[in-house]
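Heads up, the thing below is written out as structure tokens.
Given the structure is predicted, the values throughout are model-derived calculations rather than measurements. Both backbone and side-chain heavy atoms feed into the values below; hydrogens, waters and symmetry mates do not. Counting begins at 1 with the first residue of the sequence.
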Amino acid sequence: MAALQWDADEPYIQVTETVRHTPFRPTDADAAAWASLNNEDAVAAAAKKDERPYTVEQGRAFISQKLADARPVIERLRAGRPVGGCPLDVLRLHPSGELIGTLNVHLSDKPVPPSSGPDGAAADADPGLPWLTETWDLGYKLSLPYTGRGLMTAAVRAFIDGYLRPVMRLRQLSAGSRANNAASHAVLRKAGFVHVFDYERVDPPHPTLLGAKFHCVFPADE
């Protein structure tokens, strides 16, 4: 089973022999690769907003903010303290370090009503760990040359098994996708998600291009 590991001060999950799930790195290579990923036609088509042309300078600013957000989470991980967040953001080749995709979680802006254990009972909130019963959204992108190999499916499963459940101890997880993105839906279903509803995309407004919401509830005894 996948597990969180450390390479010096960098936490990571080994997805395959040649791919790791890591934080961003403050390098020109990451900024350039991030800009290139966001300029790919397929990635832009699946995104909530088409931000092209996406510049390397935008990439640097984005990565700088992500690193600032990740720093206290990494410190808590190092200290063995509970964490309500995740510093792992990108998929990269190993050992070259080339950034080939992204995989992360964030608090959902379309939360599924809390429920929801598999037996129908509502999950109990822990006042010291409020994120346990919040809805977190899974997000991902993968560069075109690496699609169609089952890599994102493996990465999502490793993320859940290696971090989201054992480290963050999440009880439920959601994901949004365009309603016509069959490949993304297949990734989610293989990871245990179910389709719960479609919604009208409003950012930007698009009354005919629907979004699809998927949800996964983890058994309490695992």
Notebook entry, point to check: Side chain of Thr147, backbone of Leu144: donor and acceptor closer than 3.5 Å?
Noted result: yes
*Answer yes when Arg78 and Glu75 have at least one side-chain N-carboxylate O distance shorter than 4.0 Å, and no when they do not.*
no
Query raised in the report: Would you call Glu10 and Arg25 a salt bridge, using N to O less than 4.0 angstrom?
Result: yes
From the list Arg20, Gln14, His94, side-chain hydrogen bond (donor to acceptor under 3.5 Å, both in side chains) with Asp7 holds only for Arg20
When you check the gap from the basic side-chain N to the acidic O, do Arg178 and Asp198 get nearer than 4.0 Å?
no
query: If two hydrophobic side chains count as joined below 4.5 Å and joins carry through other members, does Leu67 share a cluster with Leu99?
result: yes
- Task: Output, in order, the C-alpha distance, side-chain angles, deciding distance and verdict of side-chain contact (heavy atoms from CB on, under 4.5 Å) for Glu40 and Leu37.
- Result: CA-CA 5 Å; Glu40 290 188 18; Leu37 178 68; 4.3 Å; yes
Checklist entry - Quick one: do Val187 and Phe218 end up in the same hydrophobic cluster if we chain Ile, Leu, Val, Met, Phe, Trp and Tyr together by side-chain heavy atoms under 4.5 Å apart? => result yes
So CZ of Arg165 and CG of Leu173: to nearest 0.5 Å the spacing works out to 10.5 Å
Task: Phe193/His215 aromatic ring centres below 6.0 Å - done: no
Verify the ring-centre separation between Tyr12 and His21: is it less than 6.0 angstrom? no
With Tyr140 as partner, the option from Asn104, Val105, Leu188, Leu91 fulfilling side chain to side chain contact (heavy atoms under 4.5 Å, CB included) is Leu188
Value for OG (Ser174) from NZ (Lys213), rounded to nearest 0.5 Å, stands at 4.5 Å
Requested in this report: Check for a donor-acceptor pair, side chain of Asn38 on one end and backbone N or O of Trp34 on the other, with a separation under 3.5 Å.
Outcome: yes
Taking NZ, NE, NH1 and NH2 as the nitrogens, is one of them in Asp30 or Arg92 under 4.0 Å from a carboxylate oxygen of the other? yes
